[in-house]
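All values below were derived from every heavy atom in this structure, side-chain atoms included, with hydrogens, water molecules and symmetry-related copies excluded. Small disclaimer: the values here were computed from a predicted structure and weren't measured. Chain letters run A, B, ... following the sequence lines, proteins first and then strands; every chain starts at 1.
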2 protein chains.
Amino acid sequence: MSKNSPRRFTKQRRLVHDAVIHRVDHPTAKDIFHELKGTGIGIATVYRQLASMVEDGILTTVDYDNETRYDPLTSPHAHLICSICNKIKDIELPKGIDNLTPEKLSFEINEIELTWKGICDDCQN
Amino acid sequence: MSKNSPRRFTKQRRLVHDAVIHRVDHPTAKDIFHELKGTGIGIATVYRQLASMVEDGILTTVDYDNETRYDPLTSPHAHLICSICNKIKDIELPKGIDNLTPEKLSFEINEIELTWKGICDDCQN
DNA sequence: AAATTTAATGATATTGGTTATCAATAACAA
DNA sequence: TTGTTATTGATAACCAATATCATTAAATTT
């Protein structure tokens with residue numbers, strides 16, 4: 001989960017952390033980079049810090065539309081994605097989703113990913 | 001879903017169709033391309049034909065590890081993915097997964113995506 | 001069976017997200 | 001303060017996927 005080498009608390013790490021930790025809209029690395037444009041941070045550092053925060057269990061990822069998006073909500077949950085505006089919303093997992101099935105018995109489950117795709121109320125017009 | 005213009009039944013379309021239609025291992029476009037190497041088919045045509053088969057509802061896609069994989073099973077189902085060997089297995093959706101939740105009420109749901117990630121029996125040693 | 005139309009093909013350039021490289025910098029320890 | 005080394009920033013490289021475009025070949029018409 002966390003790296004062996006000690007993690008240094010650079011100002012760039014704090015910048016990325018503070019920029020992403022309260023976001024509920026699942027920003028991409030480029031979104032965070034643009035938000036931090038005034039600070040002179042490099043795009044590679046944004047990618048690296050976001051990846052290290054995922055390693056540390058501070059963020060989770062949502063892959064959508066061939067881009068990695070970041071989510072500070074780390075407890076198990078599901079997503080609603082609007083295929084028009086591409087907005088992603090965190091929602092609760094349905095009860096009983098983890099009931100065992102025959103096939104899952106042979107698996108050592110680490111993670112669940114549940115997404116409904118559709119059209120959000122704003123885009124239904 | 002399907003295109004307006006008439007679809008021509010080229011030999012390349014048949015090649016890609018026959019190469020993917022019975023696969024249960026969720027191949028990538030490159031996998032299909034390599035299987036068809038002896039035929040002289042171009043990589044762009046493989047991508048195009050797979051995309052058109054998805055358009056036509058003959059295939060579904062599974063995005064994993066930054067690659068699109070193709071699945072001839074088009075009825076709603078879930079996936080088990082082994083994060084060691086990257087094998088993907090089709091499994092049944094749990095009963096009652098589509099029960100409405102408050103958040104989903106405002107959504108027009110088109111698609112469900114459910115994946116468990118873990119370690120398959122072969123990779124547990 | 002030609003001739004015609006135009007979708008499809010194949011080679012390859014391009015795109016776009018992401019990662020690798022590496023000299024310079026700065027965080028932390030001594 | 002000095003030394004060690006993880007981190008940074010600029011940018012090259014990577015790679016799946018798409019766009020471009022002259023050529024080919026299905027499907028239709030004559």
Side-chain angles (χ1 to χ4, degrees), chain A residues 1-20 25-56 58-71 81 83 86 88, chain B residues 1-20 23 25-56 58-71 81 86 88:
Chain A
M1 191 72 78
S2 55
K3 279 174 62 178
N4 295 337
S5 49
R7 180 95 63 211
R8 292 183 175 175
F9 293 94
T10 63
K11 66 168 167 269
Q12 289 86 351
R13 182 167 180 80
R14 182 206 296 275
L15 283 170
V16 173
H17 178 277
D18 292 354
V20 76
D25 60 341
H26 308 76
T28 65
K30 285 216 157 67
D31 290 335
I32 299 299
F33 175 63
H34 287 127
E35 184 178 328
L36 298 177
K37 188 161 290 175
T39 69
I41 196 171
I43 182 78
T45 299
V46 173
Y47 276 101
R48 279 184 298 234
Q49 285 298 344
L50 289 171
S52 80
M53 289 175 71
V54 173
E55 255 181 45
D56 293 347
I58 299 169
L59 297 178
T60 58
T61 58
V62 186
D63 286 349
Y64 178 63
D65 202 26
N66 292 321
E67 282 189 273
T68 301
R69 292 153 187 277
Y70 295 89
D71 189 346
I81 302 188
S83 37
N86 291 337
I88 303 177
Chain B
M1 192 70 80
S2 54
K3 278 174 63 178
N4 295 338
S5 50
R7 183 140 284 153
R8 293 183 177 177
F9 292 94
T10 63
K11 65 167 166 268
Q12 290 87 352
R13 181 167 182 79
R14 181 202 294 276
L15 283 169
V16 173
H17 177 277
D18 292 354
V20 74
R23 297 280 294 258
D25 61 340
H26 308 75
T28 64
K30 285 217 157 64
D31 290 335
I32 299 299
F33 176 63
H34 288 126
E35 184 179 327
L36 298 177
K37 188 163 288 176
T39 69
I41 197 172
I43 182 79
T45 299
V46 174
Y47 276 101
R48 279 184 297 231
Q49 284 298 344
L50 289 171
S52 80
M53 290 175 70
V54 173
E55 253 181 46
D56 293 346
I58 299 169
L59 298 178
T60 58
T61 58
V62 186
D63 287 348
Y64 177 64
D65 203 27
N66 290 323
E67 282 189 276
T68 300
R69 294 154 186 275
Y70 295 89
D71 189 346
I81 302 187
N86 291 339
I88 303 177

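Contacts between residues 10-17 of chain B and DNA chain C, defined by a heavy-atom separation below 4.0 Å, involve B/T10, B/Q12, B/R13, listed by number. Within residues 32-39 of chain B, no residue has a heavy atom under 4.0 Å from DNA chain C.
If you take CG of A/D65 and P of C/dG16, they are 13 Å apart, rounded to a whole angstrom. Rounded to whole Å, atom P of D/dT7 lies 14 Å from atom CE of A/M53. Here C/dA26 presents its P atom at 12 Å from CZ of A/R8, a figure rounded to the nearest Å. Atom pair B/E67:CD and C/dG17:P shows a separation of 18 Å (rounding to whole Å applied). In this structure, B/I43 places its CD1 atom 11 Å from P of C/dG10, rounding to the nearest Å. A/R48 has its CZ atom 15 Å from the P atom of C/dA26, to the nearest Å. Distance CZ (A/R7) to P (D/dA6): 12 Å, rounded to an integer number of Å. Distance, B/R69 CZ to D/dC15 C1': 14 Å, rounded to whole Å.
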Side-chain atoms of residues 40-48 of chain A: list all donor-acceptor pairs with protein atoms under 3.5 Å, sequence neighbours left out, distances to 0.1 Å.
{"from": "A/T45", "atom 1": "OG1", "to": "A/R48", "atom 2": "NH2", "distance (Å)": "3.2"}

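When side chains are defined from C-beta on, B/T10 counts as touching B/Q49, because their heavy atoms get closer than 4.5 Å. No side-chain heavy atom of B/K11 sits less than 4.5 Å from a side-chain heavy atom of B/R14. Looking only at side-chain heavy atoms (C-beta outward), B/R13 and B/S52 come within less than 4.5 Å of each other.
Of the listed nucleotides (C/dG10, D/dG9, D/dA16), D/dA16 has the atom at the smallest distance from the side chain of B/K30. Side chain of A/F9, nearest nucleotide from C/dG10, C/dT18, C/dC28: C/dC28. In the set D/dA16, D/dT7, C/dT18, D/dT7 carries the atom at the smallest distance from any side-chain atom of A/Q49.
Electrostatic pairing of B/D31 and B/R23 does not count as a salt bridge here, judged by no charged N lying under 4.0 Å from a carboxylate O.
In this structure, A/T68 reaches the sugar-phosphate backbone alone: every heavy-atom distance under 4.0 Å involves primed, P, OP1 or OP2 atoms, never a base.
Scanning both residues, B/V20 and B/P27, for their nearest heavy atoms gives CG2-CG, 4.2 Å. Of all the heavy atoms in A/R7 and A/D56, the pair that sits closest is NH2-OD1, 2.6 Å. Considering every non-hydrogen atom in both A/Y70 and A/T61, the closest pair reads CE2-CG2, 3.8 Å.
Between atom CE of residue B/M53 and atom OG1 of residue B/T60 there is a gap of 11.0 Å, rounded to the nearest 0.5 Å.
Contact annotation: B/Y47 side-chain N/O to D/dA17 OP1/OP2 distance is under 4.0 Å. Contact annotation: B/T45 does not reach the phosphate of C/dA8 (side-chain N/O to OP1 or OP2, under 4.0 Å).
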